[in-house]
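A short write-up of the structure that comes next.
Within every chain, numbering begins at 1; the chains are lettered A, B, ... in the order of the sequence lines, protein sequences first and strands thereafter.
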Protein chains: 2
Amino acid sequence: MNDQNKQYLQIRNQLVAALAAERFKAQSKLPSERELSERYGCTRVTVREALMQMEAEGLIYRRNRRGWFVTPPRLVFSPTRKLNFMQMVDEQNRQGETRVASAEVVIGDADTCCELMLVPGEKIYEIIRIRSLEGRPVLYEFIYLSQSRFPDLLDQPLAQSLTVLLQDHYGERIAREQIRITSATIDPRATEALEVLPGRSGVCIRRCRLNPKGEPVERDVEYWLSDAIEVQVDTH
Amino acid sequence: MNDQNKQYLQIRNQLVAALAAERFKAQSKLPSERELSERYGCTRVTVREALMQMEAEGLIYRRNRRGWFVTPPRLVFSPTRKLNFMQMVDEQNRQGETRVASAEVVIGDADTCCELMLVPGEKIYEIIRIRSLEGRPVLYEFIYLSQSRFPDLLDQPLAQSLTVLLQDHYGERIAREQIRITSATIDPRATEALEVLPGRSGVCIRRCRLNPKGEPVERDVEYWLSDAIEVQVDTH
DNA sequence: TAGTGGTCTAGACCACTAT
DNA sequence: TAGTGGTCTAGACCACTAT
């Protein structure tokens with residue numbers, strides 16, 4: 001069975017053409033799977049193969065149990081340019097939104113304490129933020145900081161740039177970042193807010209942010225929808 | 001139906017435990033799907049759901065039509081450190097291999113000519129290399145360079161570091177790189193060598209390499225298996 | 001409350017791999 | 001040549017979403 005004979009690829013091609021012809025806009029909803037299977041004369045299993053193919057290509061995405069939607073353009077993230085989320089969003093003419101899902105004091109786990117050079121079991125802040133583009137949640141981020149270094153942090157406005165807050169309120173400047181990027185399963189705590197099925201893979205970005213002395217100040221663990229981000233790096 | 005009731009997640013958990021207990025080594029082959037469906041008392045469809053879940057987690061991978069295998073550790077790629085592939089591989093105690101799949105002169109497409117600042121339609125080299133870790137092909141790369149700038153390039157040893165070759169033989173030094181990283185469908189020309197199904201997604205790394213004057217010298221388009229790479233970036 | 005997507009059964013055929 | 005993974009049919013039930 002060669003590629004041309006695969007029914008799900010034929011359906012994929014017809015769907016791509018249909019989306020183009022009908023000028024489906026970003027985030028508009030596709031017809032239901034049952035309707036598509038009737039239209040293309042096959043079972044739902046085959047329609048889902050075609051849809052998942054288009055999902056892998058980044059053309060459409062699914063919102064858990066809600067259906068399939070047309071993917072908007074990616075946000076370009078340039079770590080070396082040191083822009084915050086809202087600056088990136090504005091520069092690219094997108095509509096961004098940040099929501100603080102939770103902010104509390106927790107016992108630091110081994111990994112986080114190690115990265116922040118704290119004693120294992122020390123109390124740290126865990127701030128969880130959800131960031132959206134044009135209303136679509138695309139990023140779920142965990143932020144960790146030392147409680148003793150930043151007293152009363154939770155009383156500050158946490159939906160804004162943390163970099164600015166740390167500098168203006170605590171006199172702590174971020175000078176360097178160590179960034180690790182992998183494909184990974186999206187954290188179970190993030191799947192509901194991102195409206196993805198538990199276990200789906202996304203892009204995981206781990207950041208350790210250091211002050212001019214080289215001391216770790218902040219640790220971020222970010223889960224992005226795979227189709228929502230492009231990372232750009234300039235090396236010198 | 002909550003998560004605990006999903007059969008495919010239960011099978012996933014049992015398989016993970018079995019792999020740990022039986023000390024399956026990297027790249028060892030799992031039992032066939034039919035054997036697993038018999039062992040776990042379900043249909044092949046459900047076994048495949050469990051396997052695809054583990055694939056998304058990066059625990060196992062499939063070789064097209066050959067079966068499912070245990071994933072080896074990721075290779076850490078640090079663009080800012082300017083190591084070549086073999087240096088990275090050696091440093092991480094891995095066994096690397098480079099194979100030149102093809103090397104020829106082609107008419108440059110619009111994208112490539114634009115990036116290399118050449119006249120559209122100019123002749124350029126296209127070098128295709130496949131890179132493996134412990135015998136597993138993980139990277140398929142397309143390399144583009146100006147033919148007129150690098151005469152007789154195809155007579156050189158192309159399986160080695162191109163950076164060294166350009167410097168020693170042509171006096172051209174790479175000073176800067178612009179890198180873009182996305183999740184993307186693996187190029188159709190790469191799927192056979194990487195032993196993946198056409199249309200599967202991977203990590204795409206596009207690089208434009210510049211000399212000290214800021215002139216583009218080389219363009220790379222790389223397709224990595226998603227589970228085979230971690231990108232590390234240090235910003236200053 | 002109607003309809004949807006997620007999950008699952010119980011098969012089948014075919015191209016391809018392993019040997 | 002035997003067996004495998006990839007593809008597909010024709011259903012079913014359920015939790016959840018949309019209204």
Side-chain angles (χ1 to χ4, degrees), chain A residues 1-15 27-56 60-69 135-137 186 188 191-200, chain B residues 1-15 27-56 60-69 135-137 186 188 191-200:
Chain A
M1 189 186 280
N2 62 34
D3 286 5
Q4 280 65 46
N5 293 336
K6 290 183 192 174
Q7 208 180 148
Y8 79 88
L9 287 182
Q10 290 180 9
I11 294 172
R12 175 250 174 232
N13 293 337
Q14 293 178 58
L15 261 176
Q27 306 213 48
S28 51
K29 189 178 182 306
L30 271 64
S32 78
E33 295 176 359
R34 282 172 179 83
E35 188 181 330
L36 291 172
S37 69
E38 207 161 321
R39 182 186 302 180
Y40 294 112
C42 64
T43 60
R44 258 182 77 212
V45 172
T46 306
V47 161
R48 282 171 68 84
E49 280 290 320
L51 293 168
M52 287 188 282
Q53 170 59 34
M54 291 170 69
E55 182 186 33
I60 59 175
Y61 65 97
R62 59 175 125 181
R63 297 172 55 198
N64 193 15
R65 291 191 173 280
R66 290 171 180 85
W68 298 85
F69 301 81
R136 178 193 182 203
I186 290 173
T191 53
E192 196 181 327
L194 294 178
E195 298 183 326
V196 295
L197 263 178
R200 291 288 137 165
Chain B
M1 188 186 281
N2 61 35
D3 284 7
Q4 280 65 44
N5 292 337
K6 288 183 192 173
Q7 208 180 149
Y8 79 88
L9 287 182
Q10 290 180 9
I11 295 172
R12 176 251 174 229
N13 292 338
Q14 293 178 58
L15 261 176
Q27 306 213 49
S28 51
K29 188 178 182 309
L30 271 64
S32 80
E33 296 177 358
R34 282 173 180 82
E35 188 180 330
L36 291 172
S37 68
E38 207 161 322
R39 181 187 302 180
Y40 294 112
C42 64
T43 60
R44 257 182 79 211
V45 172
T46 306
V47 161
R48 282 171 68 84
E49 279 291 319
L51 293 168
M52 287 188 282
Q53 170 60 33
M54 291 170 68
E55 182 185 35
I60 59 175
Y61 66 96
R62 58 175 125 181
R63 297 172 55 198
N64 194 16
R65 289 191 174 279
R66 291 169 178 86
W68 298 85
F69 301 81
R136 178 192 183 205
I186 290 173
T191 53
E192 195 180 329
L194 294 178
E195 298 183 329
V196 295
L197 263 178
R200 290 287 138 166

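For B:Glu49 and C:dT7, the CD to C1' distance is 7 Å, given to the nearest whole Å. One can place CG of B:Asn5 at 12 Å from P of D:dC14, the figure rounded to the nearest angstrom. For the pair B:Glu38 CD and C:dG11 C1', the interatomic distance rounds to 15 Å; values are reported in whole Å. In this entry the distance linking CG of A:Leu51 with P of D:dC8 reads 13 Å, nearest Å. Going from atom CD of B:Gln7 over to atom P of C:dT7 covers 12 Å, rounded to whole Å. In this structure, B:Tyr8 atom OH and C:dT7 atom C1' are separated by 8 Å, rounded to whole Å. At whole-Å resolution of the value, NZ in A:Lys29 and P in C:dT4 are 8 Å apart. With rounding to whole Å, B:Lys6 atom NZ is found 4 Å from C:dT7 atom P.
For A:Thr43 and D:dG11, the shortest distance from a side-chain N or O to OP1 or OP2 is not below 4.0 Å. Phosphate proximity of C:dG6 to A:Arg48: present, with a side-chain N or O under 4.0 Å from OP1 or OP2. OP1 or OP2 of C:dC16 has not a single side-chain nitrogen or oxygen of B:Asn64 nearer than 4.0 Å.
Of all nucleotides listed (C:dG6, D:dG6, C:dT17), C:dT17 comes nearest to the side chain of B:Arg66.
Counting non-hydrogen atoms under 4.0 angstrom, B:Ser32 reaches the backbone sugars and phosphates but no base.
Taking only distance into account, the side chain of B:Arg44 meets the base of D:dG6 through a donor-acceptor pair shorter than 3.5 Å. Within 3.5 Å, no donor on the side chain of B:Arg63 pairs with an acceptor on the base of D:dG5, nor the reverse. At a cut-off of 3.5 angstrom, the base of D:dG3 holds no donor-acceptor pair with the side chain of B:Arg34.
A cation-pi contact, defined as under 6.0 Å to the ring centre and within 45° of the axis, links A:Arg136 to A:Tyr61. Relative to the six-membered ring of B:Phe69, B:Arg63 meets both conditions, a distance below 6.0 Å and an angle of at most 45° to the axis.
Contact annotation: the side chain of B:Ile186 approaches that of B:Thr191 to within less than 4.5 Å [non-hydrogen atoms, C-beta and beyond]. For the pair B:Tyr40 and B:Leu15, the minimum side-chain heavy-atom distance is below 4.5 Å.
Under the Watson-Crick or G-U wobble criterion, with both distances below 3.5 Å, C:dC14 is paired with D:dG5.
Toward the 5′ end of DNA chain D lies the nearest nucleotide of B:Glu35, the other residue of the pair B:Leu197 and B:Glu35 mapping further downstream.
Residues B:Glu55 and B:Trp68 bring no donor and acceptor atom of their side chains to less than 3.5 Å of each other.
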